[in-house]
Amino acid sequence: MTETSSAPASAPVSASVFTPKSRVRAFFEAWPPLILLALAWIAAMLLLAAFGDLVAPADYMAMDLRARLAPPVGMGGDWAHPLGTDELGRDVLSRLIASIRISLTIAFLATLVSAVLGVSLGFLAAYFRGKAEQAILMLVDAQAAMPFMIIALAVLAFLGNSLTLFTLLMGFYGWERIARIARGLAIAAQEQGYASAARDLGASPWRVYGRHILPNIASTLLVSMTLNFPEVILLESGLSFLGLGVQPPETSLGAMVGYGRDYIQSAPWIMLAPSAAIVLTTLCISLIGDWLRDILDPTLS
Amino acid sequence: MSPDLASSEPLLTARGLARHYGVRLPGGLMGRRATLKAVDGIDFDLARGEILGLVGESGCGKSTTAKLVLGHVAPSAGEVRFDGAPVPVDHGGDWRRLRRRMQMIYQDPLGALDRRLPIAAQIAEPLQIHRPDLSRADRGARAAELMRAVGLRPDQAARYPHELSGGQRQRVVIARALALDPELLVCDEPVSALDVSVQAQVLNLLEDLRARTGFAALFISHDLKVVRQMADRVAVMYLGRIVEEGSPEEVLHRPLHPYTQALVSAAPSPHAGRRRARIVLRGDPPNPVEAPAGCSFHPRCPVAVARCRTERPPLLREGRRAVACHLAQAAGGGFAPAPLPSAAVSGAAA
């Protein structure tokens with residue numbers, strides 16, 4: 001109260017017609033609370049992925065057969081297993097941390113692979129046009145026409161399963177959408193003044209595409225990457241659920257949901273914890289993607 | 001070529017330069033194919049340090065000429081030679097290296113600037129491309145020097161294009177074009193997107209810079225006054241051809257070609273008392289797809305005679321003047337303005 005009443009008196013009479021905003025309000029306008037929460041969640045996930053071993057109360061593979069299917073705190077359990085235990089008496093919290101680590105690593109690397117692949121092919125198509133473009137578009141259409149799950153099943157069935165192969169395979173998910181978007185945006189950008197002006201300065205195609213076109217279309221690509229990220233998590237979960245993804249004793253969010261399914265009535269906490277992690281992480285990534293699109297555009301302020 | 005002639009050799013020569021586009025006339029799949037002659041055989045020379053103004057109404061091929069000169073599009077016929085060598089049109093390595101010596105200033109400065117880069121970075125970009133030998137600090141110093149030269153404040157270096165006014169943006173484009181001290185500058189309507197007061201500032205800036213660095217320029221505009229201020233020589237284009245050429249004073253005060261006469265009479269005069277007779281052209285600008293036979297101006301020409309409908313007048317040159325009109329050339333050796341009938345001259349137009 002005293003602050004608001006004394007502020008106009010102490011403030012110098014300025015020529016500005018704008019009423020000064022309070023600091024708190026300005027802060028929350030720049031950083032909306034929802035975004036702060038989402039960023040905090042993603043940061044926590046990344047920290048867990050990096051330093052999860054230090055936080056985990058037990059080894060994620062250690063079995064405690066006397067405490068099988070122990071309920072979590074709040075449902076009659078105790079703090080020895082805050083999120084309860086599964087059918088083999090393994091600590092759910094420790095398994096969750098290990099799962100987050102595997103799933104997020106796969107999702108990040110896979111999104112990166114698909115973005116690099118998609119943007120490169122899209123730009124090549126936009127630059128060369130003609131036959132090269134036709135060939136790339138044919139690849140894109142072929143990929144889009146085939147359900148990815150089938151490709152993934154076939155590859156995993158024939159080539160066996162390893163974490164590297166699995167990550168690369170996930171990287172092939174969604175590249176065709178990014179390639180299509182990148183091609184369309186690059187073709188449109190080529191016709192715009194800034195790109196032709198850069199070319200007229202004598203810039204090489206590398207420079208025109210890397211320094212001018214890519215930053216200008218990055219916001220759209222970024223949003224499509226953030227759409228890709230949750231889908232990779234879900235795909236990984238689906239494949240692990242089917243038993244084709246991450247193999248025991250390794251664990252992932254999807255694998256936890258898959259194995260917890262058998263106990264959904266007697267011990268729902270086994271699958272609820274990883275499900276919640278999947279939902280919250282994908283939601284947060286989408287929110288951050290939208291927000292990034294806005295702040296990366298210097299003309300919106 | 002003897003060495004003493006080398007200096008008098010023009011910087012830029014265009015010979016028989018033409019650019020035709022294949023178009024399909026309206027009518028869907030049944031539409032007839034036709035050729036749009038955007039530029040239809042023009043010749044001109046540009047000496048070192050000279051500014052050639054190119055005027056004409058929209059659609060007469062001014063901008064296509066600019067693109068041809070810079071090698072952005074390949075000519076359908078004829079050729080452009082820059083400093084004695086043909087200008088490449090393939091956007092390859094030679095083409096890129098030639099950008100060190102020829103640069104362009106655009107009509108829409110906001111469109112020509114990358115809205116995601118601060119202006120200092122954009123001004124330094126030609127140096128980054130063509131002078132990798134310079135250190136980052138040298139490039140920064142040169143960019144700061146250029147900003148000062150075009151009248152931008154040092155504190156604006158980190159600004160983005162959308163934060164500047166139209167005139168300031170055009171200054172950024174000019175600074176960027178001059179970063180490498182090019183010998184030829186092609187200015188395509190550099191001030192037509194600006195306010196009149198800002199136009200004058202930008203034109204004065206260009207004149208100052210020209211006096212300092214001595215670049216040659218092809219200055220394209222539809223505004224006679226702008227061309228008169230900037231150019232050493234004016235060429236008037238109509239439907240893809242040059243119809244008249246000469247010094248700005250001669251062309252503006254004693255126009256020979258009936259089209260130039262109409263163009264000059266349409267320019268507003270600052271002297272309210274001096275009401276000039278205005279020539280109002282009848283008819284629409286003809287479609288460049290179906291250019292009329294003979295002199296392409298004859299359907300709108302108030303003084304056209306039978307000969308104009310069948311025979312295309314060549315561009316005849318005499319000293320610094322040139323005109324492509326049967327009537328202006330009629331008087332034996334010299335040129336005389338095409339005589340205008342009184343009927344075509346209305347009073348001051350409303």
Side-chain angles (χ1 to χ4, degrees), chain A residues 16 18 30 119 123-133 181-182 185-225 289 291-301, chain B residues 66-67 69-73 88 90-119 121-132 158-163 169 172-173 175-180 182 185-186 188 193:
Chain A
S16 170
F18 298 107
V119 170
F123 278 8
L124 282 178
Y127 177 64
F128 286 110
R129 306 302 299 264
K131 289 238 166 64
E133 184 183 28
I181 295 172
L185 291 173
I187 288 175
Q190 277 170 356
E191 304 305 320
Q192 279 176 23
Y194 71 90
S196 52
R199 201 173 50 228
D200 296 352
L201 287 177
S204 64
W206 287 106
R207 173 176 277 275
V208 173
Y209 278 87
R211 184 126 191 267
H212 295 283
I213 293 183
L214 186 58
N216 273 279
I217 67 173
S219 54
T220 315
L221 292 177
L222 208 68
V223 172
S224 93
M225 275 168 74
W291 173 74
L292 275 180
R293 201 218 81 81
D294 288 349
I295 61 163
L296 283 181
D297 194 338
T299 55
L300 294 175
S301 58
Chain B
K67 287 182 189 159
V69 163
L70 289 167
H72 291 175
V73 295
D90 55 356
H91 288 71
D94 286 337
W95 185 89
R96 289 206 291 271
R97 268 187 292 284
L98 199 56
R99 300 308 110 184
R100 264 184 89 149
R101 305 176 63 191
M102 43 166 69
Q103 281 290 335
M104 179 157 183
I105 292 174
Y106 305 86
Q107 177 171 3
D108 171 20
L110 183 58
L113 293 169
D114 189 332
R115 64 198 189 106
R116 284 187 177 270
L117 284 177
I119 57 166
Q122 306 206 39
I123 293 173
E125 188 161 24
L127 301 169
Q128 241 175 14
I129 296 168
H130 294 283
R131 299 286 303 277
R159 294 284 186 83
Y160 288 89
H162 69 271
E163 297 173 327
R169 285 175 201 148
V172 174
V173 172
R176 181 173 69 174
L178 293 178
L180 296 161
L185 210 55
V186 174
D188 188 4

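Throughout, protein chains are lettered first and strands after them, A, B, ... in sequence-line order, and every chain is numbered starting at 1. Not measured: the values here are computed from a predicted model. Computed from heavy atoms alone, side chains included, the values below leave out hydrogens, waters and symmetry copies.
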Looking at B:Q128, B:Q122, B:M102, which has the largest count of heavy-atom pairs under 4.5 Å with chain A?
B:Q128
Distance-minimising heavy-atom pair for B:R116 and A:S219
NH2-OG, 4.0 Å
Considering all heavy atoms of both residues, which atom of B:I129 and which atom of A:G202 are nearest to each other, and what is their separation?
CG2-O, 3.3 Å
Structural part of B:D108 lying under 4.5 Å from a heavy atom of chain A
neither
Counting only non-hydrogen atoms closer than 4.5 Å, can you tell me which residues of residues 190-197 of chain A sit against chain B?
A:G193, A:Y194, A:S196, A:A197
Shortest non-hydrogen contact between B:R176 and A:L201, atoms and distance:
CD-CD1, 3.6 Å
Excluding sequence neighbours, so at least two apart, what forms side-chain contact (heavy atoms from CB on, under 4.5 Å) with B:H130?
B:R99, B:R100, B:L180
Between B:R96 and A:A203, which heavy-atom pair has the shortest distance, and what is it?
CD-O, 3.4 Å
Go through B:E125, B:Q103, B:M104 and name the one with the most non-hydrogen pairs under 4.5 angstrom from chain A.
B:E125
